[in-house]
Amino acid sequence: MQRKKGYTALARFAYQTNTYVNDGGRRADYGKYRGDHDGGLILLPHGASAEFADMGNFFMAASSRDVRVDAQCGRTADFALPREVPRELLRPVAAFALADFAAQGMAARLDIEYPVASDEDHNPHCHAWLAQRILEPDGFGQKRPEWDRLFWRDQARYARALVAGRLTLACALLGVAGYVDPRRNEERGLPQPENRIPSKFWRMYDRGVYVPGIEKLKDTRRQDKAAKVVGRSDVGEKPHSGTVTVRNAVSKRNPPSDEVRQARINFVVPLAEENGIEVRGSEENRPEIVLTTREGSLVVFDGEALSFGGIAGAARARLVVELARALDWPAIIVEADSQSTDEIIMAGVVLDVTAINTCASENALKLIKKRFGHLLADTVRPLDQLSVVDELLAAYVPSAKNEPVDTPSVWTQSSEPAPAPEMHEALKPLIEEESRWQYDVPWQDDPDDAAHAEFDDEAEPVSDPNFDDDEEPEPDPGDA
């Protein structure tokens, strides 16, 4: 969020809470969306003063800190929530997804919206504001550059995979058969995404103007809804080749070079040997090693993916998730039979490593909820000083009095990964110039435009940051 582009923390809070704002440079009223708002929550880092759990104090502290014209007023995160999650649990799920950021020190405000979607179902989603300054007893202090770099890592794909993994894990802890996969459609084997319709045509449609393109889009969405539901219900029952493959959920357009593969292999070898894992070279003429657990199970690592034949038992599942954790994979892609998928997902629960392209079977989800369901509340509780999540979860999650689960580790170092310098170099984030959506179009639209609305996304927007009192507010970039 950059002030020089017209964005402030105060305006963002108004957008998230569906209220009015006049911050001196922007005047907007989001009250017409108030019916979609489904509650909010403030997450405070460890040691933060309880006074900032009050919404008014938090908003004032955040909005009064960055006043320079070129200031960065924090970062925003907008993400969909699985429809399978009960409405009462949307805030706990979103809080769990952002808990990792808050645990690193970022204070956060999240708000849930529950509007009706174009297919007549609901579209639950979360809007969040994340501080990029340390929250001190008297307010926000110095910036933390490493937090900013986290969002740039792997061209922002790392943060997307991290949030997706946390959302999927939250669903598993609640026993909900839902998952979130942020990869591109071609990677997921899906058709190309639908064309984006400029916001001015949606505003015209809301005013009762007939827009052929929108009507066609809504019909297509309704027709596809049934097919999507069937596709999700068949998770875990797809034909399997017999080889289990696990790889990083951070998508890459191009495969890694042999040098990068070898750097990753060199990082894994000493960790394995120190923990009693036998390591030997592969017979293939390429960078690759074979890891053998104490139980005699084999896992092949080629610097990009972990693979093995047959079905994953407990030992191989633990080895896979420990390796993923050590390699700092925020989440994983699992291509396996349903039994192996269940084993890998269950082994990764306590290490916060899960698959984002599928979910566990119904029986596995029941077991995860019974044994680990309390982890969701335990994770959010230190960050939620008003105990909002505890109250919402009280009727859904088993008591935290469960007996502790014995989860032996393949090696102890993996729970706190510390990549070697070579590994850091191999995984060095690629930083591109920041870009964002521009929807600064006039609010007074011509109905005649709707008749030939082909939705040219390349058209130059017209910007007018100041509005008359009788005009509607400019849409926020998060309103997508």
Between Thr19 and Arg34, which heavy-atom pair has the shortest distance, and what is it? CA-NH2, 4.4 Å
Sequence-distant partners of [X], side chain to side chain contact (heavy atoms under 4.5 Å, CB included), two or more places apart:
X	answer
Asp302	Arg261, Glu288, Glu304, Ala305
Ala80	none
Leu190	Asn185, Arg188
Asn254	none

Gap between atom CG of Asp384 and atom CD of Glu391 - 0.5 Å precision: 8.5 Å
In Å, rounded to the nearest 0.5 Å, how long is the span from OG of Ser251 to CG of Asp154?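 So the OG of Ser251 and the CG of Asp154 are separated by 8.5 Å.
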Flag if over 12 foreign heavy atoms under 6.0 Å of CD, Gln142: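 It does not: Gln142 CD has 12 such atoms or fewer within range.
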Please enumerate all residues that pass salt bridge (charged side-chain N to carboxylate O under 4.0 Å, His left out) together with Asp258, with sequence neighbours excluded. none
Residues which pass side-chain hydrogen bond (donor to acceptor under 3.5 Å, both in side chains) with Gln104, listed by chain and number, not counting sequence neighbours: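 With sequence neighbours excluded, Gln104 shows a side-chain hydrogen bond (donor to acceptor under 3.5 Å, both in side chains) to Asp100, given in chain and number order.
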Sequence neighbours excluded, which residues qualify as side-chain hydrogen bond (donor to acceptor under 3.5 Å, both in side chains) partners of Asn266? Gln262
Would you list the pairs meeting salt bridge (Lys or Arg N to Asp or Glu O under 4.0 Å) in which at least one residue belongs to residues 122-137, sequence neighbours left out? Asp66-Arg133
Backbone N or O of [Y] within a donor-acceptor pair of the [X] side chain at under 3.5 Å?
X	Y	value
Asn275	Leu271	yes
Asn357	Val334	yes
Ser387	Asp390	no
His125	Asn123	yes
Gln16	Trp129	yes

Test: side-chain hydrogen bond (donor to acceptor under 3.5 Å, both in side chains). Region: residues 156-177. Which pairs qualify, not counting sequence neighbours?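 Sorted pair list: Gln155-Arg157, Tyr158-Asp328, Arg166-Asp352.
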Run the side chain to side chain contact (heavy atoms under 4.5 Å, CB included) test on Thr76 and Leu130 for me, step by step, so that the C-alpha distance in whole Å, both residues' side-chain angles and the decisive distance to 0.1 Å come before the verdict. CA-CA 6 Å; Thr76 61; Leu130 298 166; over 6 Å; no
Does the pair Leu306 and Trp329 meet the rule for a side chain to side chain contact (heavy atoms under 4.5 Å, CB included), with working shown? CA-CA 12 Å; Leu306 298 154; Trp329 292 355; 4.1 Å; yes
Return a table of donor-acceptor pairs under 3.5 angstrom between the side chains of residues 45-53 and protein atoms on other chains or two or more places apart.
residue	atom	partner	partner atom	Å
Ser49	OG	Glu51	N	3.4
Ser49	OG	Glu51	OE2	3.4

Go through the side-chain N and O atoms of His127 and Asp78 and say whether any donor and acceptor fall under 3.5 Å apart. yes
Enumerate the ring pair (Phe, Tyr, Trp, His ring centres under 6.0 Å) contacts for residues 73-111, please, sequence neighbours excluded, ordered by first and then second residue. Phe101-Phe151
ring-ring contact (aromatic ring centres under 6.0 Å, His included) partners of Phe59, counting only residues at least two apart: Phe13
Give the C-alpha distance, both sets of side-chain angles, the deciding distance and a yes or no for side chain to side chain contact (heavy atoms under 4.5 Å, CB included) between Glu335 and Thr341. CA-CA 8 Å; Glu335 298 171 354; Thr341 300; over 6 Å; no
